[in-house]
Amino acid sequence: MLSKSQISLLTSLQHKKFRREHGLFMVEGYKSVTEFINSAYQVDTIYHTPAIAPKLLKLSRKINFQEISLNELEKISTLKTPQEIIGLVKIPIWPILNYNSLKQKFSLVLDSIQDPGNMGTIIRTADWFGINDIICSEDTVDVYNPKVVQATMGSLARVNIHYVNLIHVLPQIELPLFGAMLNGENIYNTNFGNEGLLVMGNEGNGISPDIERLITSAVTIPRAGNAESLNVAIATAILCSEIKRISMK
């Protein structure tokens with residue numbers, strides 16, 4: 001049975017302030033939880049219903065397991081239809097970003113992405129295309145937001161997320177900076193080379209003026225229809241696909 005203090009702690013983790021205060025975040029669903037167990041993250045506790053207990057026998061015994069009722073699960077879950085398992089995971093202390101580790105490959109830069117669903121989908125996309133690092137502006141949505149974590153479907157366990165002052169950091173990395181912009185060069189005519197940073201801007205305002213001034217190559221996905229713009233997560237997937245296609249030639 002969950003105590004009142006446990007319920008209070010777990011529900012408080014829906015807010016960034018308390019995630020940072022306690023150094024914890026929640027992961028929901030068997031697949032996602034197991035992804036974190038098999039990663040460098042440290043899973044503190046697993047809360048589960050009796051129905052899923054047999055599937056947990058093969059998981060690490062170093063983790064605390066607590067069986068709870070469906071009613072208790074519903075109290076702590078962030079989902080409308082709770083899954084039968086929730087993992088309490090420790091927020092890691094990320095090492096300082098090593099600029100040299102970004103060379104000879106592509107990484108993503110996110111400038112003020114605000115929607116949790118977009119953020120989670122971008123992380124999942126990066127994982128699909130083998131992109132290991134995402135560099136975020138300090139005002140980008142918190143990666144441990146429950147909606148972000150859920151949308152990554154476990155990919156967060158394999159992608160490194162760095163929150164930095166982009167204006168200060170980007171000039172120091174010394175790599176080509178490709179910015180997704182409406183007035184850029186057609187991506188299908190662009191020579192991306194074998195390394196660089198792909199900058200994706202805010203959902204409503206695009207890349208901020210201060211970051212735009214740092215862009216070395218503006219690129220765009222050619223429009224054939226009449227839509228005003230593309231969703232940033234979809235645009236990221238298209239750009240990553242083209243960069244990967246070129247690098248595999």
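For clarity, every value in this text was computed on a predicted model and none was experimentally measured.
- Proximity of a side-chain donor or acceptor of Lys244 to a complementary backbone N or O of Phe129 within less than 3.5 Å is detected.
- For the ring-ring contact (aromatic ring centres under 6.0 Å, His included) condition, the pairs that include at least one residue of residues 190-244, sequence neighbours left out, are Phe178-Phe192.
- Although no hydrogens or angles enter the test, the distance criterion places a donor-acceptor pair under 3.5 Å between the side chain of Ser101 and the main chain of Asn98.
- At least one side-chain heavy atom of Ile211 sits under 4.5 Å from a side-chain heavy atom of Val199.
- Following chains of ILVMFWY side-chain contacts shorter than 4.5 Å, one can reach Ile234 starting from Ile221, so the two form part of one hydrophobic cluster.
- A distance of 11.5 Å separates CG of Leu198 from CD of Glu242, quoted to the nearest 0.5 Å.
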| request: Output, in order, the C-alpha distance, side-chain angles, deciding distance and verdict of side chain to side chain contact (heavy atoms under 4.5 Å, CB included) for Cys240 and Leu108. | output: CA-CA 9 Å; Cys240 288; Leu108 292 177; 4.1 Å; yes
| Run the side chain to side chain donor-acceptor pair (under 3.5 Å) check on Asp139 and Ser137 step by step: do they pass? | CA-CA 5 Å; Asp139 61 345; Ser137 62; 2.6 Å; yes
| So Leu59 and Ile37, side chain to side chain contact (heavy atoms under 4.5 Å, CB included) or not? Walk me through it. | CA-CA 8 Å; Leu59 300 183; Ile37 290 174; 3.8 Å; yes
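- Side-chain contact between Leu88 and Val27 is absent, with no heavy atoms from C-beta onward closer than 4.5 Å.
- At most 12 heavy atoms of other shown residues, nucleotides or ligands fall within 6.0 angstrom of atom CG in Asn191.
- Considering NE2 of His22 and CG of Asp44, their distance stands at 12.5 Å, rounded to 0.5 Å.
- Under the 4.0 Å criterion applied to side-chain N and carboxylate O atoms, Asp142 and Lys16 are not assigned as salt-bridge partners.
- Tracing side-chain contacts under 4.5 Å through hydrophobic residues (I, L, V, M, F, W, Y), one reaches Val159 starting from Val141; they form part of the same cluster.
- A donor-acceptor pair is defined here as one N or O able to donate and one able to accept, closer than 3.5 Å; no such pair exists between the side chain of Ser241 and the backbone of Ala237.
- Judged by distance alone, the side chains of Asn71 and Ser69 never bring a donor and an acceptor atom under 3.5 Å apart.
- The two residues Gly196 and Leu175 come nearest to each other via the heavy atoms CA-CB, 4.3 Å.
- Using a 4.5 Å cut-off on side-chain heavy atoms (C-beta onward), Met153 and Glu35 make no contact.
- Using modelled atom types and a 3.5 Å distance limit, the side chains of Gln150 and Thr152 yield no donor-acceptor pair.
- Neither Ile91 nor Leu24 shares a network with the other; the hydrophobic side chains, linked directly or stepwise wherever heavy atoms of I, L, V, M, F, W or Y lie under 4.5 Å apart, form separate groups for each.
- Defined by atom type and a distance below 3.5 Å, a donor-acceptor pair is missing between the side-chain atoms of Ser5 and Ser8.
- The residues Asp133 and Lys105 are annotated as salt-bridged, a charged nitrogen and a carboxylate oxygen being separated by less than 4.0 angstrom.
- Pro92 pairs by the side chain to side chain contact (heavy atoms under 4.5 Å, CB included) definition with Tyr41, Trp94, Tyr144, not counting sequence neighbours.
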| message | Assess the residue pair Phe18 and Phe25 against the criterion (ring-ring contact (aromatic ring centres under 6.0 Å, His included)); give the C-alpha distance rounded to whole Å, side-chain angles, the decisive distance to 0.1 Å, and a yes or no. | response | CA-CA 9 Å; Phe18 296 109; Phe25 69 100; over 10 Å; no
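- The shortest heavy-atom contact between Thr140 and Gln114 is CA-NE2, 4.2 Å.
- The side chain to side chain contact (heavy atoms under 4.5 Å, CB included) test with Ile46 singles out one residue from Val89, Ile86, Ile63, and that residue is Ile63.
- Between the side chains of Glu28 and Thr78, at least one donor N or O lies within less than 3.5 Å of an accepting N or O.
- Looking only at distances, a side-chain donor or acceptor of Thr34 sits under 3.5 Å from a matching main-chain atom of Lys31.
- Within the 4.5 Å cutoff, the side chain of Leu70 has heavy atoms near those of the Leu73 side chain.
- With a 4.5 Å cut-off on side-chain heavy atoms, Ile134 and His162 do not count as touching.
- Around CG of Leu182, the count of heavy atoms belonging to other residues, nucleotides or ligands within 6.0 Å does not exceed 12.
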| request: Please test Lys55 against Ile85 for side chain to side chain contact (heavy atoms under 4.5 Å, CB included), starting from the C-alpha separation and ending with a verdict. | output: CA-CA 11 Å; Lys55 292 182 69 174; Ile85 179 172; over 6 Å; no
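- The heavy-atom pair separating Ser32 from Gly154 by the smallest distance is OG-N, 3.6 Å.
- Proximity of Leu110 to Ile135: side-chain heavy atoms (C-beta onward) are nowhere separated by under 4.5 Å.
- Few gaps surround CD on Glu195; more than 12 heavy atoms of other groups in view lie less than 6.0 Å from it.
- Rounded to the nearest 0.5 Å, atoms NZ (Lys90) and OG1 (Thr45) are 9.0 Å apart.
- A donor-acceptor contact shorter than 3.5 Å is absent between the side chain of Thr216 and the backbone of Pro176.
- The two atoms that bring Phe106 and Leu197 nearest to each other are CD2-N, 4.4 Å, heavy atoms only.
- At a threshold of 4.5 Å between side-chain heavy atoms, the hydrophobic network of Ile, Leu, Val, Met, Phe, Trp and Tyr places Tyr163 and Leu170 in two separate groups.
- Contact check for Asn194 versus Gln104: side-chain heavy atoms found under the 4.5 Å cut-off.
- The shortest non-hydrogen separation linking Ser107 to Leu102 is OG-CD2, 3.5 Å.
- Looking at Ser39, its side chain does come within 3.5 Å of a backbone N or O of Phe36 through a donor-acceptor pair.
- Considering every non-hydrogen atom in both Pro116 and Ala151, the closest pair reads O-CB, 4.4 Å.
- Salt bridge Glu72/Lys75: absent, no basic N to carboxylate O contact under 4.0 Å.
- Cluster annotation: Ile113 and Leu230 are assigned to the same hydrophobic cluster (Ile/Leu/Val/Met/Phe/Trp/Tyr, side-chain heavy-atom contacts under 4.5 Å, transitive).
- Using a 3.5 Å distance cut-off with no hydrogens or angles, the side chains of Asn231 and Asn118 do pair a donor with an acceptor.
- Considering CD of Glu67 and OG1 of Thr49, their distance stands at 7.5 Å, rounded to 0.5 Å.
- Atom-to-atom distance recorded for Gln66:CD and Asn64:CG is 9.0 Å, nearest 0.5 angstrom.
- A distance of 14.0 Å separates CD1 of Ile131 from CZ of Arg158, quoted to the nearest 0.5 Å.
- One N or O on the side chain of Arg19 and one on the backbone of Leu13 form a donor-acceptor pair closer than 3.5 Å.
- Residue Leu57 places its CG atom among more than 12 non-hydrogen atoms of other residues, nucleotides or ligands, all under 6.0 Å distant.
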| message | Ile207 vs Met181, test: side chain to side chain contact (heavy atoms under 4.5 Å, CB included). Steps then yes/no. | response | CA-CA 8 Å; Ile207 297 172; Met181 300 165 66; 3.9 Å; yes
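- Gln14 is not listed as a side-chain neighbour of Asn145, based on a closest heavy-atom distance of 4.5 Å or more.
- Annotation for Gln42: atom CD does not count as buried by contact number, only 12 or fewer foreign heavy atoms lying within 6.0 Å.
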